[in-house]
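Each remark here refers to the structure printed beneath this line.
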Amino acid sequence: MSRFPSPFRALLALAVLLASALTLPAASAQPNQKHAHRPIIFVHGYKSNSGVWDSMVSYAERYGYKSDELYRFDYRNKTPGNTSITTLGRDLRDFIKDRERNILGKSPDGKVDIIAHSMGGLVARAYLKGYEGTKVTKHFVSMGSPHHGTKAADLGSNYGYCDATSDHQCKEMTTTPPSIKWLNSGGETPGPTKYLTLRSNVGDEPTVLGMCDLTVFEGETSALAGATNYVTECIPHGSFYHDDWTRERSMEFLQDGSHTPKIVKTSCSPLEKKSRNSVEAWVQTCLLARPNKDKGTDVHPEIRIRGCGSFTPIWGYAGKGKNCLLLGQFELRKNGKDYNRGQAQEMKEARAFNFLSWNGGWADTSATFSDEWEFSFTVGKNNTGQWEGWRTPPLQV
């Protein structure tokens, strides 16, 4: 017989039940708690590890992501090695679908975004193409990836730098392997996933001279048909994730409604080769709009010139110490009406591996982030004072 009266036993049981109710939900709800933003999966490259993403992750956190929304797929124990790129793509699938990690379950829309560097871009594409990754991947960003193979791997394979018995991955990045052909067969950008590629070399640089990325030589090997393809500043192969322009374009590309932070609106024209008289260069314009601390909008048009030089008639980049002159007239419109216009002029050294950039900025405290801006730029002025030459396509944000 109990030494406690019946009413007391009932109160004791109720207290235990309440204590359980207060402590259990916190432990069980944690794994299923939704992220505020769509998770990003970072995929490193050949002979690398997930630590290379430290600065990129910090940048994403400053951009508005939470640390637990940023995941790193690390396969350092399998590179270099004989684990095929296709198998690593399957491993990436398993990483994303892992029940304990529950990445897709925590995503606000059940999808992820992927940012990859170098061979990591091939690994991610193997996942997208071979393991139904396009069904759950909203955006894919690659940095310096040899999507069509690279001559650096060709040289390594031909001259014994790729170990035939222990480094199959190096051979898979040559320009002719079945894996590269498979990745690019039937369309290079499959499914509803949106693709962005970033590369450091334009693609027409003279051998060695003028190259920025000395690992993935050919610039256009990093581009994909059907993707948005950008050329970055002149940066080496291992600096994509440290470069501010590259990181900002990557974060902007992921912006999508309420599932990502929305800080910058950007529109960029394709990088196109332009020529006038005996002068030739690659030209690109961008238009950026950012909310400012005064609850207005900062608007930044940007003109970028790469590889300024001349041909007589053989094309050659301007040599060291030679300057290129940027002279032009800009027009900025807000919601279909003239907002600002004027002239821009700048002279600086612009060799093959430099961008000549002009940034004009205006702050509009009356603007809202939903306003539409349009920017166009005409480069060059003849002796009669008439503007002519390269007119950029209008950009809107």
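The structure displayed is predicted, hence computed values, not measured ones.
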*For S142, check side chain to side chain contact (heavy atoms under 4.5 Å, CB included) against everything at least two apart and list the hits.*
F140, S145, H147, T197
*Tell me yes or no: between the side chains of D113 and H139, is some donor less than 3.5 Å from an acceptor?*
yes
*Looking only at heavy atoms, what is the nearest atom pair of C268 and Y230, with distance?*
CB-OH, 3.5 Å
*What do the steps show when you test H117 against F42 for ring pair (Phe, Tyr, Trp, His ring centres under 6.0 Å), and what is the final call?*
CA-CA 8 Å; H117 175 249; F42 295 96; over 10 Å; no
*About how many Å separate CG of L128 and NZ of K135, when rounded to the nearest 0.5 Å?*
13.0 Å
*Any donor-acceptor pair under 3.5 Å linking the side chain of Q169 with the backbone of N82?*
no
*For L104, does its backbone N or O pair with a side-chain atom of S107 as donor and acceptor, under 3.5 Å?*
no
*Set of residues satisfying side chain to side chain contact (heavy atoms under 4.5 Å, CB included) with respect to E248, sequence neighbours excluded*: Y59, E252, V264, L288, R290
*Donor-acceptor pair between H237 and D213 side chains, under 3.5 angstrom*: yes
_Side chains of Y46 and D167 only: does a donor on one sit below 3.5 Å from an acceptor on the other?_
yes
*For the residue pair M143 and S250, what are the closest heavy atoms and their distance?*
CE-OG, 3.4 Å
*Check the surroundings of atom CD in E61: do more than 12 heavy atoms from other residues, nucleotides or ligands lie under 6.0 Å from it?*
yes
*Does R247 make a cation-pi contact with W245, if we ask for NZ or CZ under 6.0 Å from the ring centre and within 45° of the axis?*
no
_Assess, by modelled atom type and distance only, whether the side chains of S58 and S55 contain a donor and an acceptor separated by less than 3.5 Å._
no
*Find the distance between OH (Y131) and NZ (K97) and round it off to the nearest 0.5 Å.*
12.0 Å
*Determine whether the aromatic ring centres of F73 and Y71 lie less than 6.0 Å apart.*
no
*Rounded to the nearest 0.5 Å, how far does OG1 of T137 lie from CD1 of I41?*
8.5 Å
*For side chain to side chain contact (heavy atoms under 4.5 Å, CB included), just list the numbers for E374 and L332, CA-CA rounded to whole Å, side-chain angles, deciding distance to a tenth of an Å, and then say yes or no.*
CA-CA 6 Å; E374 182 177 315; L332 184 68; over 6 Å; no
